[in-house]
Amino acid sequence: MVKHCIGCQVSLVVLFAIVVCLDHAVALQVTSTGPQTIKKAQGENVILGCTYSESPSDVGQLDVEWSIVSPDMTQKDSLILAYSGGQEYQLARPDLKSRLKFVGDPSRGDATISITSLRVSETATYQCKVKKPPGIDSRKITLVVLVRPSVPKCWVENGEEIGSTVSLRCKSSEGSIPLTYKWTRETGSMPATATQNPQTGQLLISNHSQSYMGSYICEVNNEVGKEQCKYTLKAYNPTNKAGIIAGAVIGALFLLLLLLLLIWLLICCCQKRRYQRETANEIKEDAAAPESRPASRHSSYRSIMSYHTHHGIIYNSVRNSQPNRTQSGRSNTYTQHSQVPPQVSLPASDYKPPLRYDSRYGYPV
C-alpha cells in the first residue's frame, strides 16, 4: 500500500512536468535565427529578422515593438517602430524614419525590419519585442556600421638608387580600424630582401637592384571592404655625392662674393654722394653775398608800410639820422640833423611851390 502511494506521487510529478514543458513549448516565441552581431559598411542596407510563432493560449492583442537599447541601464530604451491594433507607428527620429520600415506582415508572424543607407551613428543594439497576452518574447541584434577604406596612396621614400634600401609606403586616409595593408608584386615573386609591416603599410627592400624593378600593388582592407593602389618601382645608378657637395660649396662661395661686391658698391655710392654734398656747401660759404641797393630797401620798406609815393616829392632816408643829445645843467636838449639835399637851380617855369601836409588825405599836397 505504501509502495502504491509512492508510485502515484512520482507519476503525478512527472505528469505535471510534462504539462509544463508542453505549455512552454507551444507558448509565443521569436523563432528568428542568425548572427547576434551584424557588421555592415556605411551606405549599405541591412535586414534585422524577427519572426515569431503563436500559441493557441495567446488570445490577447498583438503588439510588436522595435527599440534601440540604451547602453546606460538607468536610461529608457528608444522606441523606433511599433505595430499595434493593425496599425504601424513610426517613432524614430526624422533622419531615420524615412529609411526604416517593416519588411513582412507583423500580423502573420513576421516582424522583420530593414534599414537603408546605413550611417555610422546608427551603430547600436536593436531589440524586437512581440507581445500577445499571455505570451511575450524578444530578440536582440547588435548592428555595427563601419567605414570602408578609401583608395590608398602609394609612393616611395629615400629614392630608388641601386644598392640602397628602398621604402615603399601605402596609406589610406579613411576607413574604420583596424586597417590591414599587404604588398604584392604584380608579376613574379617578392624580392628576397623585402620586409613589410601590415599595420603601417611600409615595404622595405634592401640592396635594391634592377631585378627588383616592376609594378607593386598595395591592398588595404578592413571588415567591410578593401581598396588598392599600384606603384612602378625603378632603379637608378647612384649619384656622385662628392660632386654634389663640391658644387654646393662653390655655389655658396660665389653667392658670398656677389654679396660682398654689392656691399662694396653701396659703400662707394654713399661716400661719393657725401663728398658731393660737402663740396657744394664749401662753395656756398666762399661766395660773397650780393650788395643790397638802398633805393630798393627804401622802396621795400615803403611798400610794407603801405606808404605811396607822390610825384614831385623828394624822400630822404631817416635810417642814418640820429638825434644828438647835449646836456646843460639839469635839462636835456635834443637836436636832429637832417640830410639837406643839394641846392639845385631850377628854371622859373619849373618852379613849384612847396607841398604842405593835409590831414584829410594823410599825405602832403
Side-chain angles (χ1 to χ4, degrees), residues 29-53 64-72 75-83 87-130 137-154 169-184 197-201 217-230:
Q29 64 178 1
V30 175
T31 59
S32 291
T33 59
Q36 296 296 313
T37 301
I38 300 175
K39 295 182 179 181
K40 288 288 183 178
Q42 183 175 241
E44 291 184 342
N45 304 331
V46 68
I47 293 178
L48 304 179
C50 183
T51 56
Y52 65 91
S53 61
V64 178
E65 295 178 352
W66 274 97
S67 59
I68 297 177
V69 179
S70 174
D72 187 355
Q75 301 296 325
K76 292 183 178 180
D77 298 341
S78 300
L79 191 62
I80 58 174
L81 187 62
Y83 179 88
Q87 296 291 327
E88 179 180 329
Y89 299 94
Q90 285 278 0
L91 304 172
R93 58 182 185 273
D95 62 325
L96 176 61
K97 185 183 298 184
S98 59
R99 298 179 288 113
L100 175 66
K101 65 178 181 179
F102 281 109
V103 175
D105 186 355
S107 63
R108 296 185 178 182
D110 189 1
T112 301
I113 63 171
S114 69
I115 305 175
T116 59
S117 302
L118 288 170
R119 302 176 183 178
V120 177
S121 60
E122 290 162 1
T123 296
T125 298
Y126 295 79
Q127 177 177 258
C128 172
K129 183 182 292 185
V130 182
D137 198 8
S138 63
R139 182 185 184 225
K140 292 181 180 180
I141 305 172
T142 299
L143 174 64
V144 180
V145 183
L146 303 173
V147 178
R148 291 177 178 271
S150 61
V151 177
K153 178 183 177 182
C154 293
R169 301 299 301 269
C170 177
K171 186 67 176 178
S172 181
S173 59
E174 296 180 359
S176 298
I177 56 174
L179 295 174
T180 304
Y181 298 89
K182 183 179 180 181
W183 282 94
T184 57
N197 188 328
Q199 282 75 39
T200 62
I217 298 173
C218 173
E219 182 180 272
V220 55
N221 65 81
N222 61 7
E223 295 179 286
V224 293
K226 61 182 179 180
E227 292 290 346
Q228 66 181 22
C229 63
K230 182 187 294 187

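Both backbone and side-chain heavy atoms feed into the values below; hydrogens, waters and symmetry mates do not.
Between K226 and Q228, every side-chain heavy-atom pair lies at or beyond the 4.5 Å cut-off. Side-chain contact between E219 and T184: absent, with no pair of heavy atoms (C-beta onward) separated by less than 4.5 Å. Looking at heavy atoms from C-beta onward, D137 lies out of side-chain contact with V130 at the 4.5 angstrom threshold. At a threshold of 4.5 Å between non-hydrogen side-chain atoms, the residues V144 and E223 do not count as touching.
The SG atoms of C128 and C50 sit under 2.5 Å apart.
Between the side chain of T142 and the backbone N or O of T125 there is no donor-acceptor pair closer than 3.5 Å. Y52 places a side-chain N or O within donor-acceptor distance of the main-chain N or O of P106, the cut-off being under 3.5 Å. Looking at S114, its side chain never comes within 3.5 Å of a backbone N or O of V103 through a donor-acceptor pair.
To the nearest 0.5 Å, atoms CD1 (I141) and CH2 (W66) are separated by 4.5 Å. Interatomic distance, NZ of K101 versus CD1 of I115, reported as 12.5 Å (0.5 Å rounding). The OH atom of Y126 sits 12.0 Å away from the CG atom of L81 when rounded to the nearest 0.5 Å. Considering OG of S172 and NZ of K153, their distance stands at 12.5 Å, rounded to 0.5 Å. R108 contributes atom CZ, which lies 15.5 Å from atom OG1 of T51 (distance to the nearest 0.5 angstrom). A distance of 6.0 Å separates CG in L96 from CD1 in I80, rounded to the nearest 0.5 Å.
When all heavy atoms are compared, the tightest approach of C154 to W183 is SG-CH2, 3.9 Å. Nearest heavy-atom pair across R139 and S32 is NH1-CB, 3.6 Å. In this structure, E227 and V151 approach most closely via the heavy-atom pair OE1-CG2, 3.8 Å. Minimum interatomic distance between V147 and N222 (heavy atoms only, all atoms of both residues): O-ND2, 2.9 Å. Here the closest heavy-atom approach between residue N45 and residue S117 is recorded as OD1-N, 2.9 Å. Residues E122 and L143 approach most closely at O-CD2, 4.0 Å, considering heavy atoms.
Between the side chains of S53 and T31, no donor-acceptor pair of N or O atoms lies under 3.5 Å. At a cut-off of 3.5 Å, with distance as the only test, a side-chain donor of D110 or T112 sits close to an acceptor on the other residue.
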With disulfide (SG to SG under 2.5 Å) as the test, would you mind laying out the steps for C229 and C170 before giving the verdict? CA-CA 8 Å; C229 63; C170 177; 4.0 Å; no
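Residues satisfying the side-chain hydrogen bond (donor to acceptor under 3.5 Å, both in side chains) criterion with T116, sequence neighbours excluded, are absent altogether. With sequence neighbours excluded, the residues that form a side chain to side chain contact (heavy atoms under 4.5 Å, CB included) with R148 are A41, E44, V224.
Summarising the local packing, CZ of R93 is surrounded by more than 12 heavy atoms from other residues, nucleotides or ligands at distances under 6.0 Å.
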